[in-house]
Each structure stands twice: as C-alpha cells, then as structure tokens.
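For reference, the structure discussed in these notes is given below.
Just so it is clear, the structure is predicted and the values come from calculations on it, not from any experiment.
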Amino acid sequence: MPINSKSAEILKRACELLENGMAGSLVVQKSGCVEQPIPIVGLNHDLHSWFVPVTIGKLLVGFFEFRPDLVLKKYSSFQRHEESLDGCPLAKLWIDAKSIRHRIDEKIRQDEKVHEPFLTYDKSPSRLAWAIVLEAPDGTSRILYIAGNEVWEVDSANIDENSFGHP
C-alpha cells in the first residue's frame, strides 16, 4: 500500500479514535484537530511508525503513533492536567519542517549542504526527534537532532555513516 493511502487511512483512524473518546482528554476530544500523519523513519529511512499530531490552536496537545501495519501503538499527551493546555509545546516546533529547519541555522558550518529534515528517533524509538543531515564539501556528514526547543549533535563515532541515506 502506497504511503499516501496509508497516510489517509491513519488520518481517518486517528480522527475516529478522537471523536469516539478513545484517546485524549475531554478538552482534546472537544477541540482537538488531528493533523497529517508524518512517517517516523530509522536513519536508513525505513518506515518505523507514523506520528499523528493532535493540535489545539498553535499548540501540540498530543499525538498518536501507529505501526506500519496501521495498528495503534499509543496515544501520548503533552497535557500536564486534563483541563489545561499549559506546558503543551508549539506545534510548529514538531510538525512544521520550515520551523524545524530554522532551529539549526546557527549550527550550520560554512559550505555544508543541508538535507531535508525527517522524523526519526535518537537511539530508542521512545525518543522521537527530527534529524537533519549536514554534508561537508569533503563528503563527510553529521546529524543534528531537533526535539521541540532542543538541538543536539550525535557523536559521529556512534553512527555508521552508511546507515543514513539521504531522502
């Protein structure tokens, strides 16, 4: 099944779960908006799962995660208290590629080629983060991870450079 049709099926399923009260607080069920699914891929770009953001206004209030076979893995909330949105991150820091890409501007070295960001994880699938591969003119690469307001570089000694292709 192509990615676009999987994405449409996942979006439909996430909307049903939210509308039927199977996920999210009452506030989220009433006012939440299910956004477009984003593939979560390994560094080699193999599909690991799907991230389906749930927003209220400009805030990311939670997300669904679906396995590649479209089975729900989990719903996770950013709400600290069921009736409050305090502490929920800005959605653009998690779902807007332009905002995510902008987070690394000051960390780019001269002449580095910046590849498109992709949603992945740092070491463990429970540690979701966006990754951006930066390629130097000599062909060496490094990866910056972005998760909300945090940006960090992976120690290149812990990465097999053949394990991350460029999308």
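- The minimum heavy-atom distance linking Val28 with Ile56 is given by the pair CA-CD1, 4.0 Å.
- Residues Tyr75 and Gly62 share a closest heavy-atom pair of OH-CA, 3.6 Å.
- Side-chain N or O atoms of Trp50 include none that pairs as donor or acceptor with a backbone N or O of Ile10 at under 3.5 Å.
- Checked by atom type and distance alone, the side chain of Gln29 pairs as donor or acceptor with a backbone atom of Gly24 at under 3.5 Å.
- Interatomic distance, Phe51 CZ to Leu60 CG, rounded to the nearest 0.5 Å: 5.0 Å.
- Between the side chain of Gln79 and the main chain of Ser84, a donor-acceptor pair closer than 3.5 Å is present.
- Once rounded to the nearest 0.5 Å, the distance linking CZ of Phe118 with NE2 of His45 reads 4.0 Å.
- Judged by distance alone, the side chain of Asn20 and the main-chain N or O of Glu16 form a donor-acceptor pair under 3.5 Å.
- Between Ile38 and Trp130 the shortest side-chain heavy-atom distance falls below 4.5 Å.
- Arg103 places a side-chain N or O within 3.5 Å of a backbone atom of Asn149 that can act as its donor or acceptor partner.
- Side-chain contact between Pro125 and Arg127: absent, with no pair of heavy atoms (C-beta onward) separated by less than 4.5 Å.
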Determine, stepwise, if the pair Glu65 / Ser76 fulfils side-chain contact (heavy atoms from CB on, under 4.5 Å). CA-CA 8 Å; Glu65 187 175 354; Ser76 186; over 6 Å; no
Give the intermediate values and the outcome of side-chain contact (heavy atoms from CB on, under 4.5 Å) for residues Thr55 and Ile95. CA-CA 10 Å; Thr55 61; Ile95 64 175; 4.2 Å; yes
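- Thr120 approaches Val41 most closely through the heavy-atom pair OG1-O, 2.5 Å.
- Under 4.0 Å is where a charged nitrogen must lie from a carboxylate oxygen, and between Asp69 and Arg67 at least one such pair does.
- Shortest non-hydrogen contact noted between Val54 and Gly32 is CG1-CA, 4.2 Å.
- Going from atom NE2 of His115 over to atom CD1 of Ile132 covers 11.0 Å, rounded to the nearest 0.5 Å.
- Closest heavy-atom contact between Tyr145 and Tyr121: OH-O, 3.5 Å.
- Within 6.0 Å of the NZ atom in Lys12, the count of heavy atoms belonging to other residues, nucleotides or ligands does not exceed 12.
- The heavy-atom pair separating Ser7 from Gln36 by the smallest distance is OG-OE1, 4.1 Å.
- At distances below 3.5 Å, not a single donor-acceptor pair connects side-chain atoms of Glu150 with backbone N or O atoms of Ala147.
- Annotation for Lys74: atom NZ counts as buried by contact number, over 12 foreign heavy atoms lying within 6.0 Å.
- Separating the CG atom in Leu119 from the OG atom in Ser49 is a distance of 8.0 Å, to the nearest 0.5 Å.
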Would Glu153 and Lys107 satisfy salt bridge (Lys or Arg N to Asp or Glu O under 4.0 Å), going step by step from the backbone distance to the final call? CA-CA 9 Å; Glu153 185 171 349; Lys107 300 200 182 265; over 6 Å; no
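- Expressed to the nearest 0.5 Å, how far CD1 of Ile146 lies from CG of Asp122 amounts to 11.0 Å.
- To the nearest 0.5 angstrom, Leu144 atom CG is 4.5 Å from Leu134 atom CG.
- Ion pair Arg101/Glu116 not flagged as a salt bridge, since none of the NZ, NE, NH1 or NH2 atoms sits closer than 4.0 Å to an Asp/Glu carboxylate oxygen.
- Two residues are said to be in side-chain contact when any heavy atoms from C-beta on lie closer than 4.5 Å; Lys92 and Lys98 fail this criterion.
- Checking Arg13, Lys73, Lys6 one by one against Phe66, the side-chain contact (heavy atoms from CB on, under 4.5 Å) holds for a single residue, Arg13.
- Looking at Ser141 and Glu135, their side chains never bring a donor and an acceptor atom within 3.5 Å of each other.
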